[in-house]
Amino acid sequence: MEDVKSIKKIDIHAHATAFPQYFPPFWGGGQRFISAEETIAFYDRLGIEKGVLQPLVAAEAKTTPSTTEECKYIVDKHPDRFILFCNVDPRAITNTPDADFSGILAFYKEKLGAKGLGELTANLYADDKRVDNLFGACSEMELPVTIHLVPDFISYGLVDELGLPRLEKMLKKHPKLKILGHSEPFWSEISADNTNETRGGYPQGKIIDGKIAELMRNYEGLYCDLSAGSGTNAMTRDPEYTARFVEEFSDRILYGCDFTATSNTHPFKLTETLEKMLDDGVISPKNYKKIVRDNAVKLLKL
Ligand SMILES: [Zn+2]
């Protein structure tokens, strides 16, 4: 058992700045965006070898933009600790559904070594024609995409309704595209009793097999990103259901942190939860290994 726990994890969802000294505080408080070195200090405590560094380029993203170029700078500085994702706003180039993203994505993939695209946080419908266009380009380029879903046009992230009909439309339309689902409105759909009141937060209690399982069964392209409070909440609210969920979808669930500030603590809770499930025999050593490392290696062809 100890052997499995000592396996070096991969964090599928990281953000960081190379220039903390230039970064304004956010959320009105004293916190600012986490630096690459602060993230690495967390990684050393959590047994994480590498994190997938995701730029944030949408105007609605909760911080000042974090570009692909800045993330590449960090990856070059710490090649043993970070893996690059690129990011392009669906409204970039022409703000139309026929913007040609092939050149920029090919550059990021082939010249900079980007392994995927994300985090997609533009506050547009999940099936907006411009988002659809970007999904098509990513599918063509074989770049997995991390999405942040939100319930409405109030924040950052792709907008979808209860039951995620727009995401489902995109999964159906782009069968070869790999989409990593993340955030509260994604994970709250794990239970069939999700409502418009609960979907924006962290619903508790027993899980009734819900939309996430249905989408996972019907669409091979959907992957589950466990990062942030939403992933941790989904994994901890009903351990019996979680055991079945992990067993059934063990090839498409990925460990993630989503550190954005040094005050974040949720990745410790997720890590403890997974280790406890391993200790209790709720998840097999094989599935634990897949979640914390092997699935990322396979998905990103590392
Ligand atoms: Zn997010």
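We count ligands from 1, going down the list as the structure has it; atoms in each ligand are counted the same way.
The aromatic rings of Y43 and F259 lie tilted to each other, with the angle between the two planes from 30° to 60°.
At a cut-off of 2.8 Å, D258 does not coordinate the Zn ion (ligand 1) through any N, O or S atom. For residue H13, no N/O/S atom approaches the Zn ion (ligand 1) to within less than 2.8 Å.
Partner of H148 under the side-chain hydrogen bond (donor to acceptor under 3.5 Å, both in side chains) criterion, chosen from E60, H13, E119: E119.
Between the Zn ion (ligand 1) and the N, O or S atoms of H148, the shortest distance is to ND1. The N, O or S atom of E119 lying closest to the Zn ion (ligand 1) is OE2.
Criterion: ILVMFWY side-chain heavy atoms under 4.5 Å apart, direct or through other members. Under it, I10 and L300 are part of a common hydrophobic cluster.
Enclosure of atom CD in E275 by more than 12 non-hydrogen atoms of other residues, nucleotides or ligands within 6.0 angstrom is indicated.
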